[in-house]
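Structure incoming, see below.
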Amino acid sequence: MTTTLATTTPTPSATPPHPATATTRPRTPRPRTAPGGPAGTRPRGPVGTHPRTTAPSSTTAPPRTAPPRTTAPPRALPPHTVFAERLLAVFSGERPVHWMLGHTVGEAYEQLVRIAPETPLRSLGPRPVLRRCSVQVHEGRAVVEAFATIATGPRVRAMAFRLERGADHRWRCAAVELDGLGATARRT
């Protein structure tokens, strides 16, 4: 009698883990979100009317499409407001004085170096906020004198500065005063 030996190939009991998931550290659970995903991602409208969840039927009207929106690009801030924010960042200590190095001309940088360390806007407490910034234009729109009010809690301070447009059409700060500080440098 002949016996035949059946050869079987061993079947793996489990598939090896994927190299990307085979890590030594435990997996952290994902944060729970509301049904439908993070806030603002749920479909709008009544339940079951989302295009992916409804079956097309011949009785339903074709989906309405909104007219294309023509949004205007965001308006750029005027240069005097940009410079008021920049000067406020330096005076409050959020930015170093040398941050204004390429944006000043003449004595303005020396005024900033002298005024910034002694300004009361660097104190602990509420962050100074630009309240209002107004402008007066001179000499064919090449020179602008601006003033701004800065609120620090209940206290309001005044800042004045002069901007000049260079030959390269870039605005640069030519003089700056804060609550009268900086006026002595202008008189000399």
Side-chain angles (χ1 to χ4, degrees), residues 28-44 66-188:
T28 56
R30 294 179 66 185
R32 301 188 93 185
T33 58
T41 61
R42 269 191 106 153
R44 305 244 183 232
R69 290 188 193 184
T70 55
T71 57
R75 288 186 355 184
L77 292 174
H80 62 278
T81 305
V82 172
F83 271 87
E85 290 285 350
R86 285 178 169 269
L87 291 169
L88 179 59
V90 171
F91 287 142
S92 65
E94 289 179 25
R95 294 287 188 162
V97 176
H98 69 266
W99 186 55
M100 292 291 292
L101 193 55
H103 303 285
T104 56
V105 66
E107 293 181 3
Y109 186 74
E110 284 80 22
Q111 290 173 339
L112 283 173
V113 168
R114 189 173 38 73
I115 296 170
E118 63 190 45
T119 181
L121 296 176
R122 288 182 178 251
S123 65
L124 297 175
R127 181 190 180 280
V129 178
L130 184 67
R131 240 192 191 180
R132 180 179 177 209
C133 189
S134 297
V135 67
Q136 183 175 2
V137 181
H138 294 287
E139 303 172 19
R141 300 184 164 265
V143 175
V144 169
E145 289 183 351
F147 67 90
T149 54
I150 301 168
T152 309
R155 174 103 190 219
V156 178
R157 300 189 169 276
M159 177 173 62
F161 54 96
R162 178 182 174 99
L163 300 178
E164 295 177 358
R165 184 179 282 184
D168 59 353
H169 299 286
R170 290 180 52 204
W171 290 99
R172 290 183 180 85
C173 185
V176 62
E177 292 183 20
L178 179 69
D179 286 340
L181 298 173
T184 55
R186 215 171 36 145
R187 290 184 197 139
T188 59

Is it the case that over 12 heavy atoms from other parts of the model lie below 6.0 angstrom from the CZ atom of R122? yes
Is R162 salt-bridged to E145, cutoff N-O under 4.0 Å? yes
Over all heavy atoms of both residues, which pair between A108 and V176 is shortest? Give the atoms and the distance, please. O-CG1, 4.3 Å
Closest contact, heavy atoms only, C133 versus H80: SG-CD2, 3.4 Å
Would you name the heavy atoms of M159 and F91 that are closest together and state the gap between them? SD-CE1, 3.7 Å
More than 12 heavy atoms from other groups under 6.0 Å of CZ on R127: yes
Distance col, row M100:CE vs Q111:CD, nearest 0.5 angstrom, shows 11.5 Å
Evaluate L178 against I150 for side chain to side chain contact (heavy atoms under 4.5 Å, CB included), listing each step before the verdict. CA-CA 10 Å; L178 179 69; I150 301 168; 4.3 Å; yes
Over all heavy atoms of both residues, which pair between V135 and V144 is shortest? Give the atoms and the distance, please. CG2-CG1, 2.7 Å
Which pair of heavy atoms, one from C173 and one from F161, lies closest together, and at what distance? SG-CB, 4.2 Å
With rounding to the nearest 0.5 angstrom, report the OG1 to CG distance, T152 to L121. 5.0 Å
As an exercise, state the distance from CG of L130 to CZ of R86, rounded to the nearest 0.5 Å. 14.0 Å
Test item: R157 side-chain N/O and A148 main-chain N/O as donor-acceptor pair under 3.5 Å: no
State, to 0.1 Å, how close R172 and T104 come at their nearest heavy-atom pair, and which atoms those are. CD-O, 4.1 Å
Side chain of T119, backbone of I115: donor and acceptor closer than 3.5 Å? no
Apply side chain to side chain contact (heavy atoms under 4.5 Å, CB included) to P96 and list each qualifying residue two or more places apart in sequence or on a separate chain. H98, W99
To the closest 0.5 Å, what do you measure between CG (L112) and NE2 (H103)? 11.5 Å
